[in-house]
Amino acid sequence: MPKLLLRSTLDKISTIKNYQDLFHRVKNYEYVSFDIFDTLIKRDVPQPTDLFDILGYKENISNYQQQRILAEKKALMKNKNHTSLDDIYENLSYLPNYRQLKKEECQEEIRLSHVNFDILNFYKYCLTNKKVILITDMYLDRLTIEEILKKNNLLGYYKLFISNEINEVKSSGNLFRYALKSLNINPNQIVHIGNNWRADYWGAKKVKIRSIKIPTYKNRKEREYKDLFDHHSQDFKFLTTFVNNHTPETDNSYLKSGYEVVGPILYGFTRWLFNQARHQGFKQILFMSREGHLLKKAYDLLNLNHEIPSLYLEASRRSLSVPAFTLKPSLQSIIESLADNARVTTIGRIMEQLGLDVDCYTNQLSKYHLSLTKIWDWDNLKKNQEFIQFCAAIQENIFTNSRKEFSALQQYLKTIDFSLPTALVDIGWGGTMQNYLVNILNSLGIKNDLCGYYLGLDSRSVKILGTNNLPAVGYVFDCLSHNDDQDLIIKFRCLCETLFLEPVGSVKKYKLVAGQQVIVERYPYGYSNNQKKKQSQFIQSVQEGALKFVSEFNNSSIADYINLDSKTMFAPLYQLGTQPTLKEARRFGNLGFFDAGKVSFLAKPQSLLWYLGHLKILADDLNDSVWKIGYLKRLFKLNLNYARLYDYLYDIWQKLKKYTH
């Protein structure tokens, strides 16, 4: 343990302030020498020996990592601290496929290698202005090392010196002596750069070569991510190592967040969905707008349509619920259906839910003393006599419009073969749209075989889907199948939906033109003016980063090895939602959330000093914020447990509400 701690401490040491410092440090040298592994090249594994674990997993050899480590130790003892892959595998010759294992290890080294972005620009500078030498203590053969360098576009070097070809190592200084002699240069003509304290720093100094020590590990991510679920922690280390090596070199923090936070859950969910659909024998996958848009793009990107085709269903709660009024043509059932959508509401929002143009009903609203903008608690509104009388006065208009929209919806649904076993996909959470869709299909006599697949299913799904015996499964959490499952998205649901949002307006309704042709009418996109267009670009950057992760991770051996456990892939997004940094709270808190015409920022408070004189406004603003943890983080700025504070304030709010009632 003390040895590992010392090694970890030495790994973090650097003799430069930052990587820009390198340009100045090499100014007076003709040659620049680079170590390769952990300097120019990073492996997509937490520790180099983890590669052996992946190899054992792929070849189905138990305890292979320990066998491979022991074989290398024996080879090093025999060859006085330098060895080759051939020497190592001589000690594994008892395995029937050891020759194939050796080839596969070389291929895995190539696959898991990735250029160190931190030093790449400096390396390119040296290619133009210096003679570049590569010196490595490595058991791999020259061909494999050259393939690794070629894959990562690290070309143009002058000489490559490999310890197992010369039978000398850097730590003794002898590999450096050999290089000096081979190049016919003096030590003062060359500077060496590497990450290992003993081999690169002191080994070079033994032959009077100036050496520069860089850190073995540098956090390149937007933040350090933690396994908040304490679940498959080794898998999580693999995931974050990959992310750290590959996160884009860009000043676009939204794109980086998309890569690091949204990318893993997007990839994990898409792969899980495909595996589930294949196992269940589904013939098509139907992604529902709008949050299903990004999910379908990931599915298409992974080229999965050749086995199970996918379609995009343009629908929304409003576009399905209004036509569904014809199925239970009673005013009471309509009013009850509105109650499922929101705890608080406005008359303007209700008119939209009823499918009617509010501008056509100003006289009736005035007659019953109803304001469009007043915020109502739904439990109070549905008991209000003037509201009930208003609804009774316009009910014929409600049903006439519903029948009209139902007819158009019927034509739209005919474009899809619902009789095929179909996976119906959406982000979540209660399954309302699946319930509406199945009821409408059944009323039309359209045979259907649908099963819902969601990022998560909250407690509402038990009432909406469970009581109607509609099959559905949640990836991260599933209250429908497991009553004790925790709703892990509840504290940042609107943030999550915003990050998955399709860059067009929500579906309003379906319209028949020229008798039979159906067009899908959408609301204006919430991000329309110049300021909001900029916010739209931020969301698109998040999604671009997420899809970049999907593409790159799919080509890695890591994707198969870690088994895509849902909690592992969800953990970065969960940390953003429940433990945001101040930068993250500001970055995403300024985005708007649009719901049935109502616009609110995710988390954008005034200053705490200002609120001290406006406590009532503070209470209202916090209540209106749809990402309260982000709001509290921006408000107080301190490193507090805002998820716990949120729970505490929520309990107080519920007690006050009960008391006032």
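By convention here, the first residue in the shown sequence is residue 1.
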Item to complete: Using side chain to side chain contact (heavy atoms under 4.5 Å, CB included) as the criterion, list what pairs up with K548, not counting sequence neighbours.
Response: P248, Y259, E552

Discussion item. Measuring centre to centre across the rings, with the benzene-like ring taken for any Trp, is Y299 within less than 6.0 Å of F287?
Written reply: yes

Fill in: Ring centroid separation Y225 to F236 under 6.0 Å
no

Discussion item. Looking at K567 and D565, is there a salt bridge between them, counting it only when a charged N and a carboxylate O are closer than 4.0 Å?
Written reply: no

Worksheet item: Is the shortest distance from a Lys or Arg side-chain nitrogen in K283 or E307 to a carboxylate oxygen in the other one below 4.0 Å?
Response: no

Discussion item. So that I can tick it off, tell me whether E291 and K296 are bridged by a salt bridge, with the cut-off set at under 4.0 angstrom between side-chain N and carboxylate O.
Written reply: no

Worksheet item: Under the side chain to side chain contact (heavy atoms under 4.5 Å, CB included) test, which residues partner S506, sequence neighbours left out?
Response: R290, S316, Y523

Worksheet entry | Under 3.5 Å side-chain donor-acceptor pair for E502 and Y312 | yes

Worksheet item: Just by distance, with hydrogens left out, do N590 and R634 show a side-chain donor and acceptor under 3.5 Å apart?
Response: yes

Discussion item. Just to verify, what does I490 make a side chain to side chain contact (heavy atoms under 4.5 Å, CB included) with, not counting sequence neighbours?
Written reply: D487, R493

Worksheet, complete the sentence: Hits for ring pair (Phe, Tyr, Trp, His ring centres under 6.0 Å) against F588, two or more places apart or cross-chain, chain-then-number order -> Y254

Worksheet item: For P503, which residues count as a side chain to side chain contact (heavy atoms under 4.5 Å, CB included) partner, sequence neighbours excluded?
Response: H293, Y525, Q540

Report, one line per pair, each donor and acceptor closer than 3.5 Å where one atom sits in a side chain of residues 358-367; sequence neighbours left out.
from : atom 1 : to   : atom 2 : distance (Å)
Y361 : OH     : N397 : ND2    : 2.8

Fill in: K604 with D621: basic N within carboxylate O range, under 4.0 Å
no

Discussion item. Under 3.5 Å, is there a donor on one side chain and an acceptor on the other for Q579 and Y642?
Written reply: no

Worksheet item: Going by atom types alone, do T568 and D235 pair a side-chain donor with an acceptor below 3.5 Å?
Response: no

Worksheet item: Hey, what do you get for NZ (K509) to CD1 (I519), rounding to the nearest 0.5 Å?
Response: 9.5 Å

Worksheet item: Side chain of Y412, backbone of E314: donor and acceptor closer than 3.5 Å?
Response: yes

